[in-house]
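All residue numbers in this chain count up from 1 along the given sequence.
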Amino acid sequence: MHEGHEQMFRRRFFVSALLSIPVLLYSETLQEWLGFSVPAFPGSEWINPLFAVIVFAYGGIPFLQMAVPELQDRSPGMMTLISMAITVAFVYSLASVVFPTQSAFFWELVTLIDIMLLGHWIEMRSVRRASSALDELAKLMPDTAERITESDDTEEIPVTQLEEGDLVLVRPGTSVPADGVVAEGDSDVNEAMITGESKPVSKEPGDEVIGGSVNGDGSLRVRIDAIGDETTLAGIMRLVEDAQQSKSKTQMFADQAAGWLFYVALGAAVVTAVAWTLAVQFDATVIERVVTVLVIACPHALGLAIPLVVAINTSMAARNGMLIRDRIAMEQARDLDAIVFDKTGTLTKGEHGVVGIETTDAITVDEALALAAGVEGDSEHMIAQAVRKAADERGVTAPNATDFEALKGRGVRAMVEDKTIHVGGPNLLEHLDSDVPSDLQAFVDEAGANAQTVIYLVRDGQPVAAFAMADVVREESYRVVEALHDLGVEVAMLTGDSVDVAHAVADDLGIDTVFAEVLPEDKDKKVMELQEQGKLVGMVGDGVNDAPALTRADIGIAIGSGTDVAVQSADIILVQNNPMDVVRLVKLSQASYKKMRSNLVWAAGYNVFAIPLAAGVLAPWGILLSPAVGALLMSLSTVIVAINAQFLRRADLEIPGLSEVSSPGDIGLTS
């Protein structure tokens, strides 16, 4: 809808501006002001009325059409005020051709229409947004499924033909076609896109699986127990749709001001008519005064006051890594009471890393890291990737490993320099009948208290090192929380992770409110809980599971590198994948609001002086505002508003101390 309006206003602006040129050239008032003249020819006196009629019919009609709903709702606003002014100017100017008066408003009429078309073109371009969140959600579901027949063969069928009770084969790396229960097989399933859990979840017979989640390395046979609208993903889609429809309509400041100005203009016109009729009796002078009041009241500057700021605001936001898809959200950001962050991929990197190493006296940190990286050299498991990354960052060279063997549910084993090396979790020590050495126990206890995963390096049956693994907290997250607190904004965190993991991260960052072990529908409810407390709530997330909360929140903010559905569900997108831009968003919103407010003062302030003068309050002292002077003041007000809007570009969006942030996510590599 916004894209269609944008193109319509753009097209009509350029055509109307082109058609306005003859009217301006043949305007006696402009010729007198600017000291120029144009050749007259037979019929040239009809140029102004002819072209003005065309501009009114082509460029002015959209405003008349859009004023109808305002009048039907009994809430006159910008469109009603514009329509009233251009209609009065049009009718009076045409009447002046038949019944000559002191002045006509042809050039004022066409410039008024041109400026209004320009303002609304800028406005529509700023608010255009396309929401394809539901389509992106639907893409998570595969189109086909492999159903297992009674003869134990497989047949490929459309997912829409699945029925409850069907047994399907889910091969490694493919998506689960519908909700169900594992009948056979063992595998790790990535549910992060649905539940927000950062680690793949181990599945074995009897465990539930969610449609749309991605199977790992194992093969699964799944008994379908929910299809179509009954699946978890379908429920998320309904929540997204409901949340989008439940968003309230916020009326623009300029439209409110235009509504007030409409009544002021009508009141002033009535008072002017009565006063002049009583003073000089009813004649053409009275009509001219009334028309002058109504035309001068039209918001040239008011029509540009907000769109110009919005356009500059959008440009500045883009240069600072923010894409604004909803201007109302940008305006509201200044008043945010609470911002809710998704943990995984937003406050954290969404990837497990080595955050601490402890060794016994039998080995150094570098040696332990090298051995672990060598054993995990060919594995694509997230823990293996984290170990190799830690080795690379420390500049450690991993030795060659041979006779590699994966120990299901326990870890891995390999030979390195004629020594048997194992890497794995607590189940590995139990399998090897080994205990945690006293040298490592304190480290293991501390990691457990911080809800971190611990894996062990075992050499020839003896544990010699322990690695603490955790979803790595972004360095920027510490400064984000601090800066938002400085702005008086409460910080909350939503996550599908366990309570221990959530509180460990929250305590480290200084977060005010924590919601842990939260499913997608609960994330939506948690946002509503904060809203029911009377708070204006922003939500920052990056996953499909965040989509309902993003749309339910007053302001949805998506990390740009996140999923398409999160981006499409949000009002504002952080392109640089930097949560620090949330702070810049609030600061830019505050600066923009101040500029909008000052622009409205300039735009409306013109009317405070011009309308009474046009009405003739100073006529007893010989001071009477002519239509030409009123038009000059109107133009001056527009210029002031345009210049004032440009000063927004000087707003300081820098975050003090950002460069001073060190790496707080490190526990430290000790020996």
Could you tell me the separation between the OH atom of Y593 and the CG atom of L588, rounded to the nearest 0.5 Å?
15.0 Å

Output yes when a side-chain donor or acceptor of S589 lies under 3.5 Å from a complementary backbone atom of M330, and no otherwise.
yes

Could you give the distance from CE (M539) to CG (L336), rounded to the nearest 0.5 Å?
13.0 Å

Test salt bridge (charged side-chain N to carboxylate O under 4.0 Å, His left out) applied to K535 - qualifying residues, sequence neighbours left out
E490

Under 3.5 Å, is there a donor-acceptor pair linking the side chains of D342 and T495?
no

Atom CG in L71, atom CE in M66: separation rounded to 0.5 Å?
13.0 Å

Distance (rounded to the nearest 0.5 Å) between M493 CE and L347 CG
7.0 Å

Salt bridge flag under 4.0 Å for residues R479 and E482
yes

Does a side-chain heavy-atom distance below 4.5 Å link M469 with V355?
no

Hey, does S592 have a side-chain heavy atom less than 4.5 Å from the side chain of L648?
yes

Closest non-hydrogen atom pair, S213 against N190
CB-O, 3.5 Å

CZ of F341 to CG of L509: how many Å apart, nearest 0.5 Å?
9.5 Å

Not counting sequence neighbours, which residues clear side chain to side chain donor-acceptor pair (under 3.5 Å) with K389? List them please.
E351

Does a donor on one side chain and an acceptor on the other come within less than 3.5 Å for D554 and Q332?
no

How many angstroms lie between atom NZ of K523 and atom CE of M528, to the nearest 0.5 angstrom?
14.5 Å

